[in-house]
Trainee: 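Right, I'll just put the structure down here and ask away after.
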Amino acid sequence: MNGMSRNTHPDVAPLALYVPVGQDGAGQAQVVVANVEDGTRVLLAYTSLDCLGEDQGWALIMTDQLPRIKEDLRFDHLSV
């Protein structure tokens, strides 16, 4: 799983997270990964929609899917 651990403590880690999405060139929903100046790619994730902007698109992802998502998106860090 490329260094990611499974959620073995569900009482500590949430079962799901919200991630920002936008549209790619073909109009398909695409998870947005932040590109930091040093070249690091960061997936920003949130535990609640309560204080997130209404203008931003959001997708709910299950935390147990993070290893596959990390492989697909090739992000370096997850920031919750």
Trainee: At their closest point, which heavy atom of Val33 faces which heavy atom of Phe75, and how far apart are they?
Mentor: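 Nearest heavy atoms, Val33 then Phe75: CG1-CB, 4.1 Å.
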Trainee: List the residues meeting side-chain hydrogen bond (donor to acceptor under 3.5 Å, both in side chains) with Asp76, not counting sequence neighbours, and say none if there are none.
Mentor: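 If we apply the side-chain hydrogen bond (donor to acceptor under 3.5 Å, both in side chains) test to Asp76, skipping adjacent residues, there are no hits.
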Trainee: Measuring from Leu66:CG to Leu78:CG, what's the distance to the nearest 0.5 Å?
Mentor: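 Rounded to the nearest 0.5 Å, the CG-CG separation comes to 6.0 Å.
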Trainee: Distance check, rounded to the nearest 0.5 Å: Leu17 atom CG versus Thr47 atom OG1?
Mentor: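 Reported value, rounded in 0.5 Å steps: 7.5 Å.
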Trainee: Could you walk me through whether Ile61 and Ile69 pass the side chain to side chain contact (heavy atoms under 4.5 Å, CB included) test, one step at a time?
Mentor: CA-CA 9 Å; Ile61 61 168; Ile69 293 168; 3.8 Å; yes
Trainee: Using modelled atom types only, decide if a donor and an acceptor are shared between the side chain of Gln28 and the backbone of Gln23 within a distance under 3.5 Å.
Mentor: no
Trainee: Under the side-chain hydrogen bond (donor to acceptor under 3.5 Å, both in side chains) rule, collect the residues that match up with Gln65, sequence neighbours excluded.
Mentor: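 Partners of Gln65 under the side-chain hydrogen bond (donor to acceptor under 3.5 Å, both in side chains) test: Arg68.
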Trainee: Looking only at heavy atoms, what is the nearest atom pair of Leu15 and Thr63, with distance?
Mentor: O-OG1, 2.6 Å
Trainee: Can you list, pair by pair, the side-chain donor-acceptor contacts under 3.5 Å of residues 34-44, counting residues two or more places apart and other chains?
Mentor:
residue : atom : partner : partner atom : Å
Asn35   : OD1  : Arg41   : NH1          : 3.3
Asp38   : OD1  : Thr40   : N            : 2.9
Asp38   : OD1  : Thr40   : OG1          : 2.7
Asp38   : OD2  : Thr40   : OG1          : 3.2
Arg41   : NE   : Arg74   : O            : 3.2
Arg41   : NH2  : Leu73   : O            : 2.8

